[in-house]
Amino acid sequence: MSIQRHDTQARMSRAVIHNGVAYLCGQVPGPESRDGDITEQTQSMLARVDALLEEIGSDREHMLAATLYLTNADDAAAMNAVWDAWVPEGHAPTRTCVCAPLPAKELLVEVTVTAIVKS
């Protein structure tokens with residue numbers, strides 16, 4: 001049984017791969033967009049997901065599941081507009097969206113993703 005850990009630090013790894021399945025740590029908007037609205041923050045967060053998926057040998061078409069966290073339910077429609085444009089047609093993962101406070105007050109959205117590593 002092999003477990004690959006990517007960018008492991010004291011508290012967490014950015015991604016862990018086991019049996020060809022990648023588990024990404026929570027991705028939040030980059031510092032440059034944290035003062036932005038939900039649309040800008042969602043775009044930034046998903047760009048970070050893209051970069052991490054590429055780094056581990058996966059992509060959007062290989063996502064299995066996503067859990068999205070919003071600090072405000074009123075932001076769901078705007079977040080969904082960005083999400084829907086980002087997910088490749090016919091490749092939508094299972095998805096859960098919950099409202100919860102995030103550790104930094106300026107953060108409006110976070111996502112965790114599970115994906116298959118391309119062979």
Side-chain angles (χ1 to χ4, degrees):
M1 168 181 356
S2 117
I3 298 173
Q4 296 173 296
R5 299 178 194 281
H6 292 266
D7 195 15
T8 300
Q9 302 161 14
R11 186 171 294 149
M12 64 177 219
S13 296
R14 287 186 58 228
V16 174
I17 300 170
H18 178 258
N19 287 338
V21 178
Y23 304 88
L24 278 56
C25 70
Q27 297 297 299
V28 296
E32 73 288 345
S33 67
R34 292 189 181 175
D35 290 332
D37 64 11
I38 188 64
T39 297
E40 185 178 350
Q41 286 200 21
T42 302
Q43 290 167 337
S44 173
M45 174 191 71
L46 295 177
R48 294 178 79 168
V49 171
D50 280 333
L52 187 51
L53 286 171
E54 182 178 347
E55 181 180 317
I56 62 165
S58 191
D59 59 28
R60 297 178 207 175
E61 292 184 358
H62 289 80
M63 291 188 300
L64 299 173
T67 302
L68 288 139
Y69 303 90
L70 289 173
T71 58
N72 184 339
D74 293 338
D75 287 338
M79 181 276 299
N80 280 329
V82 177
W83 175 266
D84 292 345
W86 181 76
V87 173
E89 187 174 339
H91 297 279
T94 63
R95 193 185 103 158
T96 302
C97 186
V98 296
C99 285
L102 294 175
K105 287 186 177 189
E106 67 274 12
L107 294 175
L108 304 177
V109 63
E110 181 172 354
V111 66
T112 58
V113 170
T114 304
I116 297 292
V117 176
K118 298 184 286 185
S119 13

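In this chain, numbering begins with 1 at the start of the sequence shown.
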Quick check against the 3.5 Å criterion: does [X] have a side-chain atom that pairs as donor or acceptor with the backbone of [Y]?
| X | Y | result |
| --- | --- | --- |
| D37 | T39 | yes |
| D75 | A78 | no |
| E32 | S44 | no |
| Q27 | C25 | yes |
| Q41 | R34 | yes |
| T114 | Y23 | no |

Is there a chain of hydrophobic side chains (I, L, V, M, F, W, Y, each step under 4.5 Å between heavy atoms) that links [X] to [Y]?
| X | Y | answer |
| --- | --- | --- |
| V82 | V113 | yes |
| L46 | L70 | yes |
| Y69 | L52 | no |

At what distance, to the nearest 0.5 angstrom, does [atom1] of [X] lie from [atom2] of [Y]?
| X | Y | atom1 | atom2 | result |
| --- | --- | --- | --- | --- |
| C97 | L68 | SG | CG | 5.0 Å |
| N72 | L108 | CG | CG | 8.0 Å |
| Q43 | I38 | CD | CD1 | 10.5 Å |
| W86 | M79 | CH2 | CE | 11.5 Å |
| E40 | D35 | CD | CG | 8.5 Å |
| E54 | R60 | CD | CZ | 11.0 Å |

Exercise: identify the closest heavy-atom pair between [X] and [Y]:
| X | Y | value |
| --- | --- | --- |
| V87 | A92 | CG1-CA, 3.6 Å |
| A22 | I17 | CB-CG1, 3.9 Å |
| I56 | V117 | O-CG1, 3.6 Å |
| R48 | V28 | CD-O, 3.1 Å |
| L24 | T112 | O-CB, 4.1 Å |

Run L64 and I116 through side-chain contact (heavy atoms from CB on, under 4.5 Å) and show every step you take. CA-CA 7 Å; L64 299 173; I116 297 292; 3.6 Å; yes
Looking at residues at least two apart in the chain, or sitting in another chain, which of them share a side-chain hydrogen bond (donor to acceptor under 3.5 Å, both in side chains) with R95? N80
Validation: residues 1-16 side-chain donor-acceptor distances under 3.5 Å, sequence neighbours left out:
residue, atom, partner, partner atom, Å
T8, OG1, S13, OG, 2.7
R14, NH1, E55, OE1, 3.3

Evaluate the side-chain proximity of V111 to V109: yes if any heavy-atom separation is below 4.5 Å, no if none is.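 Result no, sub-4.5 Å side-chain heavy-atom pair not found.
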